[in-house]
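Have a look at the structure below before the remarks.
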There are 2 protein chains.
Amino acid sequence: MEKNLKRMATMQRMQSVGLAIFYKNGYYDTSVDDVLKELSLSKGAFYYHFKSKEEFFISILQNIIFQKVYSELIAPFEGQENPAVILDKCLDNALETAEHNQLDNGFVLSNFMTEFSGKNETVVKLLKEIFKVWEVNLITNLQKGKTDGYIDRHVDSDAVASFLMSSYMGVRLLMVEGNPKLLRYKYIQQLRSYFKTITVKR
Amino acid sequence: MEKNLKRMATMQRMQSVGLAIFYKNGYYDTSVDDVLKELSLSKGAFYYHFKSKEEFFISILQNIIFQKVYSELIAPFEGQENPAVILDKCLDNALETAEHNQLDNGFVLSNFMTEFSGKNETVVKLLKEIFKVWEVNLITNLQKGKTDGYIDRHVDSDAVASFLMSSYMGVRLLMVEGNPKLLRYKYIQQLRSYFKTITVKR
DNA sequence: AATTAAATAGACTAGTTAGTTTGTTGCAAG
DNA sequence: CTTGCAACAAACTAACTAGTCTATTTAATT
């Protein structure tokens, strides 16, 4: 049984390092050898654990990205009252990790979507599924916000969810080559202004 | 002098076809041969007109993209009164071309920025310059809108500009693999809601 | 028609990549 | 201790890529 444990540990390590490099340089601009060099492993090890580069990447999406999206963008809402407040916190937290140039998952998704769109239907489909999870969660919480009296019941939850996801991914893109700190400040400022249009005045 | 004309025509054709393929498949995932195949031209022709693949791409940015960004996102503002109205039209027009799966330039910029970031500083610098032109134009027109009494003079023009660019690029990204028509509708709807927070009530 | 240079063709080089294959090591069970 | 297999090493293959080089075609000028 020890063997199995070691196998899991190695695979986990490979996926973790793989994600970091894929995220930094892009999937197509990262060779299997690049990842293996960082891992101090050989081709033999790689193809022992994974059938192909694509399967390796898919396993990363399923085992790492999916979980992180859940814990960063979905879990925070549980048991909370006012979705607008949580949204504010959630997005600001995400931008904070982005500001420190760390790997934030909303952006990881949009990055890979850009790269794989039109090239690999399997991966695109997976990415869309993860996006959907994020979107559905937003919509659900906005609806709950309506019944709880926080969100104006005239607002279109679907549209708000799309708008929030869009603006977040867009600002995240600008942050890559702009002034992250300033952009984060500006973004949150305008986001709050936007929130006023969907919340109930008390 | 006829030679010079032909040269120009060929280069123009190469750039036009090149952009279409680079946009569709990405720069790094497009070989020079891919472009030449579409053009029915040979390696000799390519390297007669351009020094390298990179120089070819840069010439596309300078000669095509820059001009289009100007004509689509900047020129429409000239001689107009209410910037909020023009903004609405501008972004909706851009999304309309996007809806028909055509090449819209705000998105072209964000796509290439994602691809080149961290890989080619020269290209990134150029892209940033084009972004800057867009941003400066937005800010200028928002400021003008203040003095003309259309925009609330308390709003932060810089922040609004960033927020608009962000949300646009973000929704454009979602449109690639979502329902473009629906997303466009939702986006414009929320955008108008947002505009209410920055315009002067009359 | 002959000349000349621009424009193009396409074989070739050197380097890279995903994936294969064959061989080696380490460790647990018999 | 030795057998057997999991886990890895690394040389190798085949396909692809940017860029070079030489030969050929095209078209304007004399």
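Labels below follow one simple rule: chain letters A, B, ... track the order of the sequence lines, proteins then strands, and each chain is numbered from 1.
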* Checking B/Lys53 against B/Tyr27: charged group under 6.0 Å from the ring centre and within 45 degrees of the axis? -> yes
* Asked: Is the backbone of B/Tyr150 close enough, under 3.5 Å, to the side chain of B/Asp148 for a donor and an acceptor to pair up by distance?
  -> no
* In degrees, rounded to 10°, what is the bend between the two ends of the helix from C/dA1-D/dT30 to C/dG30-D/dC1, using five pairs at each? -> 10°
* To do: Without swapping roles, check the side chain of A/Glu115 against the backbone of A/Tyr28 for a donor-acceptor pair under 3.5 Å.
  => yes
* Among B/Leu191, B/Val171, B/Leu183, side-chain contact (heavy atoms from CB on, under 4.5 Å) partner for A/Ser166 -> B/Val171
* Asked: Within the structure, does a side-chain N or O atom of B/Arg7 lie under 4.0 Å from either OP1 or OP2 of C/dA6?
  -> no
* Report the distance from atom NZ of A/Lys43 to atom C1' of C/dT16, rounded to the nearest whole Å. => 10 Å
* Asked: Does B/Arg13 reach the main-chain N or O of B/Leu39 with its side chain, forming a donor-acceptor pair under 3.5 Å?
  -> yes
* Asked: Considering only side-chain heavy atoms of A/Leu41, which listed nucleotide, D/dA18, D/dA9, D/dA11, is closest?
  -> D/dA9
* Structure fact -> Within residues 24-39 of chain A, those residues having any heavy atom closer than 4.0 Å to DNA chain C are A/Thr30, A/Ser31, A/Val32
* **Test: B/Asp156 and A/Lys186 ion pair at under 4.0 Å** => no
* To do: Mind telling me whether A/Tyr194 and A/Phe163 have parallel, tilted or perpendicular rings, with 30° and 60° as the class edges?
  => tilted
* Any side-chain N or O of B/Ser42 less than 4.0 Å from the OP1 or OP2 oxygen of C/dT8? -> no
* Got a donor-acceptor contact below 3.5 angstrom from the A/Lys119 side chain to the B/Asn25 backbone? -> yes
* Is a donor on one side and an acceptor on the other found under 3.5 Å between the side chain of B/Asn137 and the backbone of B/Val133? -> no
* **Close approaches to DNA chain D from residues 47-57 of chain B, in residue order (heavy atom, under 4.0 Å)** => B/Tyr47, B/Ser52, B/Lys53
* Sidechain N-carboxylate O distance under 4.0 Å for A/Glu135, A/Lys132 -> yes
* Using the side chain to side chain donor-acceptor pair (under 3.5 Å) rule, pick out the option among B/Asp34, B/Asp29, B/Asp33 that qualifies with B/Ser31. => B/Asp34
* Over how many whole Å does the gap from B/Phe46 atom CZ to C/dA11 atom P extend? -> 19 Å
